[in-house]
Amino acid sequence: MAITGAAELLATWEAGLAEAPNGRALLLHRTARPDVDAARLPVLPVGAREADLFALRRALFGERMQVRLACSACREDMEFDLDAGEFARSLGGRGGSVEGPVGSGDGGDSSAGSAGPVVRVRQDGWDVEFRLPGVADLTAAARAADPRAALLARCLVSAVRDGAAVGAGDLPVPVQRRIAEAVEAADPGADVTLNVACPDCGEATRAELDIASYLWTELDAWARDLLLDVHLLATSYGWSEPEILALSPLRRRYYLELCADV
């Protein structure tokens, strides 16, 4: 991953101010993966996006993440540090079996193709292929009256029972449950959940770690601090914004210290 410059990050932040959380997450993903066609990003498996955003966060702000949440039992605030690198590696090591991208045949490169990788489920005479959902699939399914059924219909590649093709609406509950289990095993990073024991009452609290929201909050604070630095240096030296942003962070800090000494 190439380290994005200050000017490009500011442009991402500015564009994201007018976006909803989903739009901001997509902007961050584009920043993390400039090598991938932007139209492909929403169809990548959700776990792949989360891994990309963790990598971007580490590149921009380092390994240490400070997390704060309320205990679900006693409501006391809990603060702790999370090692982003270790956390990302633990997610990557739990991947399940993926048959390959749709249309590539068994054993294909799971990163190739435009339709994404699939999992295959065989149970009680059923043979089902199901594409790992992407962000676009989850967003579209959430708007439906029955999100679970909508997601099943969007991502079902094929379903065969005793040689006869079957539609998504005819899949029995045990097969649907087995599909969900296979998807979770193949894409564990899609559901990043923390389980934290409260130091006060000892009860465990489960909470989702939304890396897109976390990273956006950090980017927002960084951008506002940087614009203040630009204002101070422009006022003191008469430099333009591009000239100031072209300076390394270390040189900007030294110039700011000199301004404070005047």
Side-chain angles (χ1 to χ4, degrees), residues 1-4 8-9 12-13 16 19 21-67 80-102 104 107-119 130-139 141-142 151 155 180-196 206-219 222:
M1 173 186 300
I3 301 299
T4 302
E8 290 80 6
L9 282 175
T12 297
W13 167 77
E19 294 286 345
N22 285 341
R24 291 172 177 175
L26 180 57
L27 286 170
L28 291 172
H29 202 184
R30 288 175 182 170
T31 301
R33 294 300 304 272
D35 57 315
V36 176
D37 183 356
R40 284 248 313 130
L41 293 177
V43 301
L44 292 179
V46 176
R49 185 194 72 165
E50 301 298 276
D52 290 338
L53 294 184
F54 265 108
L56 177 61
R57 196 277 168 191
R58 295 165 62 196
L60 296 178
F61 301 116
E63 304 284 344
R64 181 170 172 264
M65 297 174 64
Q66 290 184 304
V67 179
F80 56 95
D81 290 342
L82 182 69
D83 186 317
E86 185 64 30
F87 195 73
R89 285 189 291 273
S90 70
L91 289 177
R94 298 184 312 182
S97 174
V98 180
E99 295 266 331
V102 178
S104 69
D109 177 6
S110 63
S111 66
S114 61
V118 300
V119 293
F130 190 82
R131 176 171 54 83
L132 293 184
V135 176
D137 298 312
L138 297 180
T139 301
L151 186 63
C155 297
E181 293 170 352
V183 169
E184 182 179 359
D187 195 21
D191 183 16
V192 183
T193 304
L194 304 176
N195 194 19
V196 184
R206 290 176 61 83
E208 179 184 356
L209 176 59
D210 186 346
I211 183 59
S213 295
Y214 187 101
L215 180 54
W216 174 262
T217 299
E218 289 186 306
L219 181 64
W222 169 86

For the residue pair [X] and [Y], what are the closest heavy atoms and their distance?
X      : Y      : answer
Ala212 : Leu28  : O-CD1, 3.6 Å
Val119 : Ala182 : CG1-O, 3.9 Å
Phe130 : Cys155 : CZ-CB, 3.3 Å
Ala32  : Leu56  : CB-CB, 3.8 Å

[X] side, atom [atom1]; [Y] side, atom [atom2] - distance, nearest 0.5 Å:
X      : Y      : atom1 : atom2 : value
Glu50  : Asp191 : CD    : CG    : 9.5 Å
Thr31  : Glu8   : OG1   : CD    : 9.5 Å
Asn22  : Leu138 : CG    : CG    : 9.5 Å
Leu219 : Trp13  : CG    : CH2   : 8.5 Å
Arg33  : Leu53  : CZ    : CG    : 11.0 Å
Arg49  : Asp187 : CZ    : CG    : 11.0 Å

Under 3.5 Å, is there a donor-acceptor pair between the side chain of Arg57 and the main chain of Gly62?
-> yes
With sequence neighbours excluded, tell me which residues meet side-chain contact (heavy atoms from CB on, under 4.5 Å) with [X].
X      : value
Glu208 : none
Glu19  : Arg24, Leu27
Asp37  : Ala39, Arg40

Evaluate the side-chain contact (heavy atoms from CB on, under 4.5 Å) criterion for residues Tyr214 and Leu82: first the C-alpha distance (whole Å), next the side-chain angles of each, then the deciding distance (0.1 Å), finally the verdict.
-> CA-CA 12 Å; Tyr214 187 101; Leu82 182 69; over 6 Å; no
Step by step, would you call Leu60 with Trp222 a side-chain contact (heavy atoms from CB on, under 4.5 Å)?
-> CA-CA 10 Å; Leu60 296 178; Trp222 169 86; over 6 Å; no
Is there a side-chain contact (heavy atoms from CB on, under 4.5 Å) between Phe61 and Leu215 once you walk through the steps?
-> CA-CA 9 Å; Phe61 301 116; Leu215 180 54; 3.8 Å; yes
Would you check if Asp210 and Trp216 make a side-chain contact, meaning some heavy-atom pair closer than 4.5 Å?
-> no
